[in-house]
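Chain letters run A, B, ... following the sequence lines, proteins first and then strands; every chain starts at 1.
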Protein chains: 2
Amino acid sequence: MTEKATPSPEAIMAWARLMRVSRQMVESAEEALKGGGLPPLAWYDVLHELAEAGEGGLRPFQLTERTLFAQYNISRLLARLEADGLVEKLPVADDGRGQTIRISAKGRETRRQMWAVYGRSIAELVGARLSPDELNTVSALLGQLRHPPLGE
Amino acid sequence: MTEKATPSPEAIMAWARLMRVSRQMVESAEEALKGGGLPPLAWYDVLHELAEAGEGGLRPFQLTERTLFAQYNISRLLARLEADGLVEKLPVADDGRGQTIRISAKGRETRRQMWAVYGRSIAELVGARLSPDELNTVSALLGQLRHPPLGE
DNA sequence: CGAGTATTGATGCAATTGCATCTATGTAGA
DNA sequence: TCTACATAGATGCAATTGCATCAATACTCG
């Protein structure tokens, strides 16, 4: 048993920074988008995945896996995206239960507009504050923290 | 103008990791607390600040500053904490508008129980995955990302 | 003092989230 | 085939959040 019930001061500090900084950054980015009259970050995440998926689209459950959103959140988010004409829901040939979600032209355009603002936020909040080397270090270390649930 | 509208690949990667990892960790910790029949993380944050403040307590607006919660969220969170008997609201002598929030004995006890679970999560999610040196590096680098809004 | 403004905290209402559950279709095995 | 179970996605309802605004008290300056 290497498990420790009480975290080290170093762990607590790193955790605290992670919590605080991530919340601040999300807030800043969200604020920037809102300021530009654009949809919230969550929409970007989904549009991004769908844009990468291309014409084939993605099934909702695939979006659930890739984005960390709960199933019911994806379900409702897609409903909103569809209502806004940013995505299309297509029936799926070999599975009567499912559907395939494909991003529309308007969806791509919205994503592009969002990226103009979101990307700038990333550049300012992160890119301008750490050197490329430091950024790589952060990425590598944070990478070691992935995949918490279910065994190593 | 050193401002860049488009973030570097390194910045994008670091951002993506930060977003993903922080969400996962919050989710894990939240799940652990729920599993233990304990209140959500937000309660801990407030109880923690109040416990550190001691008998003097804190004004709600001070909690707003320290926790990154919006003013109306603090207002409602405190109402719930009070309803659960975890904090007390005291009138403030020299400012008729305000109140002082003080943690109760029950509040301290709840905080302690939460820490048993929360601390274990931190130890497992962060402490067990990076060395003390690495943790310090993460803290230092994340520290450079603080305080995004309003001027350097 | 008195008017105008700022600050503290609360709240009505709409939107979103979480939870539990439901419907419908698919799959496996007797 | 028929039954039991698994998976995909939607949804009713309660709790929480965000937004805008409000009431009450404090402060500032003429």
Side-chain angles (χ1 to χ4, degrees), chain A residues 23-24 26-46 49-50 53 57-84 86-102, chain B residues 23-24 26-46 49-50 57-84 87-102:
Chain A
R23 267 189 262 176
Q24 275 184 181
V26 167
E27 205 172 295
S28 296
E30 209 81 74
E31 193 181 329
L33 286 170
K34 192 166 312 175
L38 293 165
L41 231 37
W43 289 36
Y44 184 85
D45 289 350
V46 169
E49 292 298 335
L50 290 174
L58 286 176
R59 303 279 300 269
F61 75 88
Q62 294 178 297
L63 284 168
T64 299
E65 294 165 358
R66 302 179 192 204
T67 60
L68 301 185
F69 290 120
Q71 181 269 320
Y72 53 81
N73 271 332
I74 286 293
S75 179
R76 283 160 169 158
L77 185 39
L78 289 176
R80 281 172 236 150
L81 288 170
E82 189 188 27
D84 262 49
L86 305 185
V87 305
E88 296 167 311
K89 294 187 177 181
L90 310 167
V92 112
D94 59 335
D95 188 340
R97 295 167 301 184
Q99 40 187 312
T100 293
I101 309 296
R102 197 168 56 192
Chain B
R23 267 190 261 176
Q24 275 183 179
V26 167
E27 205 172 296
S28 296
E30 209 80 73
E31 194 180 332
L33 286 170
K34 193 167 312 176
L38 293 165
L41 231 38
W43 289 36
Y44 183 86
D45 288 350
V46 169
E49 293 296 336
L50 290 174
L58 286 176
R59 302 279 302 269
F61 74 90
Q62 294 178 296
L63 284 168
T64 299
E65 294 165 358
R66 300 179 192 205
T67 61
L68 303 185
F69 290 119
Q71 180 270 322
Y72 53 81
N73 271 333
I74 286 292
S75 178
R76 283 159 168 159
L77 185 39
L78 289 175
R80 282 172 236 152
L81 288 170
E82 188 188 28
D84 262 48
V87 305
E88 298 168 312
K89 293 187 178 182
L90 310 166
V92 112
D94 59 336
D95 188 338
R97 294 167 301 183
Q99 38 187 314
T100 293
I101 310 296
R102 197 167 57 191

Rounded to the nearest Å, what distance is computed from the [atom1] atom of residue [X] to the [atom2] atom of nucleotide [N]?
X: B/Asp95; N: D/dC27; atom1: CG; atom2: C1'; answer: 11 Å
X: A/Leu78; N: D/dT11; atom1: CG; atom2: C1'; answer: 15 Å
X: B/Arg23; N: C/dG18; atom1: CZ; atom2: P; answer: 12 Å
X: A/Leu63; N: D/dT7; atom1: CG; atom2: P; answer: 19 Å
X: A/Glu30; N: C/dT16; atom1: CD; atom2: P; answer: 12 Å
X: A/Leu33; N: D/dG18; atom1: CG; atom2: C1'; answer: 16 Å
X: B/Glu65; N: C/dT8; atom1: CD; atom2: C1'; answer: 12 Å
X: B/Arg97; N: D/dC22; atom1: CZ; atom2: C1'; answer: 15 Å

Below 4.0 angstrom from OP1 or OP2 of [N], is there any side-chain N or O of [X]?
X: B/Tyr72; N: D/dG18; result: yes
X: A/Lys89; N: D/dA8; result: no
X: B/Lys34; N: C/dG18; result: no
X: B/Asn73; N: D/dT16; result: no
X: A/Arg80; N: C/dT17; result: yes

### Query
Which sits closer to the 5' end of DNA chain C, B/Arg76 or B/Gly98, going by the nucleotide each is nearest to?
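Looking at the nearest nucleotide for each, B/Gly98 comes out on the 5' side.
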
Rounded to the nearest 0.5 Å, what separates atom [atom1] in [X] from atom [atom2] in [Y]?
X: A/Tyr44; Y: A/Leu38; atom1: OH; atom2: CG; answer: 12.0 Å
X: B/Asn73; Y: B/Leu63; atom1: CG; atom2: CG; answer: 12.5 Å
X: A/Arg23; Y: B/Phe69; atom1: CZ; atom2: CZ; answer: 5.0 Å

### Given DNA chain D, 5'-ward residue of the pair A/Thr100 and B/Ala42, judged by closest heavy atom
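Going by which nucleotide is closer to the 5' end, it is A/Thr100.
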
### Query
Of A/Ser75 and B/Ala70, whose nearest nucleotide on DNA chain D comes first from the 5' end?
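Of the two residues, A/Ser75 wins.
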
### Query
With a 4.5 Å heavy-atom cut-off, do B/Ile101 and B/Pro60 have their side chains touching?
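A side-chain contact exists here, since the closest heavy-atom pair is under 4.5 Å.
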
### Query
Would you call A/Leu78 and A/Gln99 a side-chain contact if the rule is heavy atoms closer than 4.5 Å?
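No, too far: nothing below the 4.5 Å cut-off.
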
### Message
On the side chain of A/Gln71, is there an atom forming a donor-acceptor pair with the base of D/dA10 - under 3.5 Å, no angle test?
### Response
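Answer is yes: a donor-acceptor pair is held.
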
### Message
Can you say whether a donor on the side chain of A/Gln99 sits under 3.5 Å from an acceptor on the base of D/dA8, or the other way round?
### Response
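Between D/dA8 and A/Gln99, which were checked side chain against base, a qualifying N/O pair under 3.5 Å is absent.
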
